[in-house]
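What follows is one structure encoded as structure tokens, with my remarks underneath.
We count ligands from 1, going down the list as the structure has it; atoms in each ligand are counted the same way.
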Amino acid sequence: SIVSTKYRTAYHFQPPKNWINDPNGPMYYNGIYHQFYQYNPNGSLWGNIVWGHSVSTDLINWIRLEPAIERTIPSDINGCWTGSATILKGNRPAIIYTGADTEKRQVQNIVFPKNVSDPYLREWIKPDNNPLIQPIGQGLNSGQFRDPTTGWIGPDGLWRIAVGAELNGYSAALLYKSEDFVNWTRVDHSLYSSNASTMWECPDFFAVLPGNNSGLDLSAAIPNGAKHVLKMSLDNCDKYMVGVYDLKSDTFVPDTILDDRRLWSRIDYGNYYASKSFFDSKRGRRIIWGWTNETDSSLDDVAKGWAGIHAIPRTIWLDSNSKQLLQWPVEEVESLRSEEVSHQGLELKQGDLFDIKGIDTLQADVEIDFELTSIDSADPFDPSWLLDIEKHCREADASVHGGVGPFGLVVLASDNMEEHTSVHFRVYKSQEKYMVLMCSDLRKSSLRPELYTPAYGGFFEFDLEKESTISLRTLIDRSAVESFGGGGRLCIMARVYPVTLINGGTRMYAFNNGTSTVKVPQLKAWSMRRAQVNVKKG
Ligand code: FRU
């Protein structure tokens, strides 16, 4: 088999071996960050799911602990699935998670730390009253009822959680209420429901302040002007709606409702799913974690002995336009930067390739500012592209000259360019505004057959009155290429398996293939050191 240890990431989160999926119950508690995750202790395919557990003081270097929640009781014997942590009054953490019970019904269970004075909270105990919540009630489907959120306190002082569910065949974030976090009753309406889709997995509900990147604690008082975000996982991607949490009706009211779910905003336009956020009280920010699966075959995963990583944790906040979430890798990742190269005042004419040399191109952090010299040549925007952006990325790929763009970055390229991955932009003129397309095209990423190699893409709005520079930040970590466009307006996470990575070095270039010249006032790139990710046992 051609699979290689060289595809293992050097600074993304993963255990030493085996399958992982969703991030679970992230929290900051008494000086320690906890990350739990869906984990198969017995192999590199999904199954036998328990909660893996790791701890950290910087979100980048992790100490591996024994699994925190294992399949031990009738209400979780067929799987300890996704859930969330909440810090209760008196600084007492609790985790509510989904169990697959003896009949494979989905139920919600609770665990508490055995000993809160253990700084790592290694052991968690299951009280006898599990399961707390059964899939009983009008319109519920016991096989589509899972992934409880972090709790918050409503206007009546009672706790609430939302649970992802299929309700009468449609999607819903069901609402449950409790006084003591243990005895729960279903509220007669959902937090939000939609007939535009079926089951929603992994709902996440949080408050944000427009234009302010400090995070909010959902169970503290919500300041004036705050908005709420409901995130849901469906169609292999994480989507979200921005709106308000209406205290009178106790529901989430989106600012805009789009019937066609292909048009819903996405947390990430690449390979990123089941994300979950938490309030980091140490730094006063909200952090979101997401799962990125392999895109090689199951046979490859068995041969490698591992599958799945988590994206770099991102600070997440709301743009001042109140429409769009912004995300940026937590600044702690910058502690891994070593050799730096930096260039100023470059100019890229049509067809130019600028070779970025002097750093480790397999483990790198790259930041480039592209400055547009002429916007008049921008091609017209066609709104129908929004219905299938990947199709548009395939048709208007990096080799197709446009008015403004494509320009961007080529990474993990072989000497002869037979293998390469490009991350690039194109600027289009819409009615009164400009629309920027960002693509991450994996179709030439590897000569190996049987890989999933789409051309991912998304659009964001661009205000030429206020800005003339489009920034790109890309984190390269062997088989991971994680990109942030427009200062975090659009994110694309991707996995690639180039053959040239096994045989030796790869190359990296900045390029422009548009007819108008783009300037690069600033280009910086760093080699990234290996992090201590779960290599040490605590
Ligand atoms: C999402 C998901 C969740 C479920 C878990 C099981 O990836 O399907 O809905 O709780 O994974 O591992």
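- Proximity to Asn21 (heavy-atom distance under 4.0 Å) selects the following atoms of ligand 1: 5 (C), 6 (C), 7 (O), 11 (O), 12 (O).
- Both the backbone and the side chain of Thr82 come within 4.0 Å of ligand 1, judged by heavy-atom distances.
- The pair Lys323-Asp255 does not count as a salt bridge, with every side-chain nitrogen at least 4.0 angstrom from each carboxylate oxygen.
- Both the sub-6.0 Å distance and the 45° axial angle are not jointly satisfied by Arg160 relative to the ring of Tyr176.
- Applying side-chain hydrogen bond (donor to acceptor under 3.5 Å, both in side chains) to Ser75 and the options Asp101, Asn130, Asn109 leaves one that passes, Asn109.
- Residues Asp301 and Lys304 are paired through a salt bridge, judged by an N-O separation under 4.0 Å between the basic side chain and the carboxylate.
- Numbered from 1 in the order shown, with element, the atoms of ligand 1 that lie under 4.0 Å from a heavy atom of Trp46 read 6 (C), 12 (O).
- Of the protein's non-hydrogen atoms, the one nearest atom 6 (C) of ligand 1 is Gln38 OE1, 3.2 Å.
- Atom SG in Cys237 sits 4.0 Å away from atom CZ in Arg266 (nearest 0.5 Å).
- From the protein, the heavy atom lying nearest to atom 8 (O) of ligand 1 is Glu201 OE2, 2.9 Å.
- Atoms of ligand 1 found under 4.0 Å from any heavy atom of Tyr273, numbered from 1 in the order shown, are 1 (C), 7 (O).
- In this structure, Glu482 pairs ionically with Arg314, as a charged nitrogen and a carboxylate oxygen lie closer than 4.0 Å.
- Protein heavy atom nearest atom 7 (O) of ligand 1, with residue, atom name and distance: Asp22 OD1, 2.7 Å.
- In the model, Thr150 has no side-chain atom that pairs as donor or acceptor with a side-chain atom of Thr86 under 3.5 Å.
- The protein heavy atom nearest to atom 3 (C) of ligand 1 is Asp147 OD2, 3.3 Å.
- Contact annotation: Thr98 has no heavy atom less than 4.0 Å from any atom of ligand 1.
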